[in-house]
Amino acid sequence: MNYLEIAEQAAREAGVVLLENLGKVKEIEFKAKNSLVTEVDKLSEEIIINKIKKSFPSHDIFAEESGRDSEDSDHLWLIDPIDGTTNYAHAYPFFSISIALEVNGVVEVGLVYDPVKDEMFTAELAKGAYLNNKPIEVSKSYAIEHSHVCTGFMHEIEWMVEANIKHFGNFIRRARAVRRDGSAALDVCYVACGRFDGFWELGLNPWDTAAAVLILKEAGGHITTFSGGEYSIYMKEILASNSIVHDQMIEILALED
Ligand code: IPD
Ligand code: CA
Ligand code: CA
C-alpha cells in the first residue's frame, strides 16, 4: 500500500474515535491559557502513529502532542490529531485530522480529513488535489470585494493579538465576508476547493499547515508570507489564496490601521 492509502486508513480510524467522543470530552488540559488538549487528541494521535509505524517503521514522526520521535530518517510524518481542539472540546462540529509526509524536506503527501462531513482532502506532489477522490481547484474570484475570506487568531502573544484585530478590521471593510472557523488545516483546504478565496494567520505550526499547503498548491492556489515572500511550513505567518486575489490581500495586510 502506498503512503497516501496508509494515511487515509489512519485518518478514517481516528475519525471514528473523534465522532464517538464528540460532546463527551471529560479531561481538558491546558498547554497554555487557551491552548487545549483533550484525551481524544492523545487517543487520535496514538491511533495514527501506530498505523504509520506499523507500515513504515523506519520513518520519523513529528506529532503535535508527542513531539518528534527521532531524526534518523529522510521521511518525516507531520501529524495533527485534532486540528480545532477548542471547537472539538465545545462540540462545535468543525475540526479535522491532518497528516503529511515530508521527504528530504519536501512535503510529498498531504491529507486533511473532516469526519463530521466525511470529507477527505488529499494531494500528492504534482498529481493534483482531491476532495473525496474528485479533483478540486481554487475559486476564480478576482476582486477582494467579492471574496469570502477566513482567518484564525493566536491569542497567547500580545503583538499577534493586536495585529489580528487590525487585519480583521481591514478585511471586514473590504471583503464580502470574513470567517474565523477554527481549524487552520480545514480553512486552507476550503481555499483549495473554492469555498474560501483566501486565508491568513499568524503563529501556526508545521503540523497545522503541512498537508493543507500541499493540497492548496496542487489545487492552483498561492501561498506566501504576509508581504509576499517565500513561505515555508516552519514559518509563523501564512497567506493562502486562489492566486488571483493574492496581491490585494498583501495590500490589506500591509495597511497601517
Ligand atoms: C489550532 C487551529 C486554529 C488556529 C490555531 C491552531 P489546534 O490548532 O488550527 O484554527 O487558529 O492557531 O493552534 O490547537 O486546534 O490543533
Ligand atoms: Ca492544529
Ligand atoms: Ca491539534
Side-chain angles (χ1 to χ4, degrees), residues 10-11 14-15 17-18 21-22 25 27-49 61-68 77-100 107 110-116 121 149-165 167-168 171 178-192 195-196 198-216 223 226 231 233-240:
V17 172
L18 262 54
N21 289 284
L22 185 59
V25 167
E27 286 166 36
I28 298 181
E29 289 170 26
F30 294 87
K31 293 186 272 192
K33 186 170 149 247
N34 288 315
S35 179
L36 281 56
V37 48
T38 71
E39 72 273 16
V40 191
D41 291 77
K42 294 178 187 168
L43 193 56
S44 171
E45 186 160 303
E46 199 180 307
I47 291 167
I48 297 164
I49 293 177
I61 304 275
F62 186 19
E64 179 176 10
E65 310 308 339
S66 54
R68 182 147 183 173
W77 291 88
L78 295 129
I79 301 162
D80 191 338
I82 304 180
D83 185 53
T85 296
T86 306
N87 285 349
Y88 187 80
H90 290 267
Y92 180 82
F94 191 87
F95 49 83
S96 60
I97 292 164
S98 174
I99 305 176
V107 178
L111 163 168
V112 175
Y113 181 51
D114 170 355
V116 174
F121 294 88
V149 297
C150 183
T151 186
F153 304 135
M154 122 85 70
H155 23 51
E156 300 301 331
I157 301 174
E158 190 48 33
W159 75 262
M160 286 192 188
V161 174
E162 281 161 26
N164 286 334
I165 293 168
H167 296 146
F168 199 74
F171 274 102
V178 186
R179 306 290 181 235
R180 195 282 186 234
D181 267 354
S183 168
L186 215 44
D187 296 337
V188 173
C189 288
Y190 276 29
V191 181
R195 293 173 185 167
F196 289 135
F199 169 83
W200 77 97
E201 185 161 350
L202 289 167
L204 292 173
N205 290 295
W207 52 79
D208 300 310
T209 50
V213 161
L214 177 65
I215 293 165
L216 178 57
I223 299 153
F226 283 7
Y231 171 79
I233 56 168
Y234 296 95
M235 286 177 169
K236 291 289 180 189
E237 60 179 55
I238 179 171
L239 169 59

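Read the numbers this way: they start at 1 and go in the same order the structure lists the ligands and their atoms. No experiment lies behind these values; they were computed from the predicted model shown.
- Interatomic distance, I48 CD1 to L111 CG, rounded to the nearest 0.5 Å: 9.0 Å.
- A distance limit of 4.0 angstrom between heavy atoms and ligand 1 selects the residues E64, D80, I82, D83, G84, T85, G152, F153, R180, G182, S183, A184, E201, L204, D208.
- In this structure a side-chain-to-backbone donor-acceptor pair under 3.5 Å is present from T151 to W200.
- Atoms CD1 and CZ, from I82 and F95 in turn, are 7.0 Å apart once rounded to the nearest 0.5 Å.
- When each of E65, K42, E46 is paired with P81, the side chain to side chain contact (heavy atoms under 4.5 Å, CB included) condition holds for E65 and for no other.
- Using modelled atom types, no side-chain atom of D181 and backbone atom of S183 make a donor-acceptor pair closer than 3.5 Å.
- Between atom CZ of residue F199 and atom OG1 of residue T209 there is a gap of 9.5 Å, rounded to the nearest 0.5 Å.
- Distance CE/M160 to NE2/H167: 11.5 Å, rounded to 0.5 Å.
- With hydrogens and angles disregarded, a donor-acceptor distance shorter than 3.5 Å links the side chain of D83 to the backbone of A185.
- Around the Ca ion (ligand 2), protein N, O or S atoms at less than 3.0 Å comprise D80 OD2, D83 OD1, D208 OD1.
- In this structure, CG on L202 lies 9.0 Å from CD1 on I157, to the nearest 0.5 angstrom.
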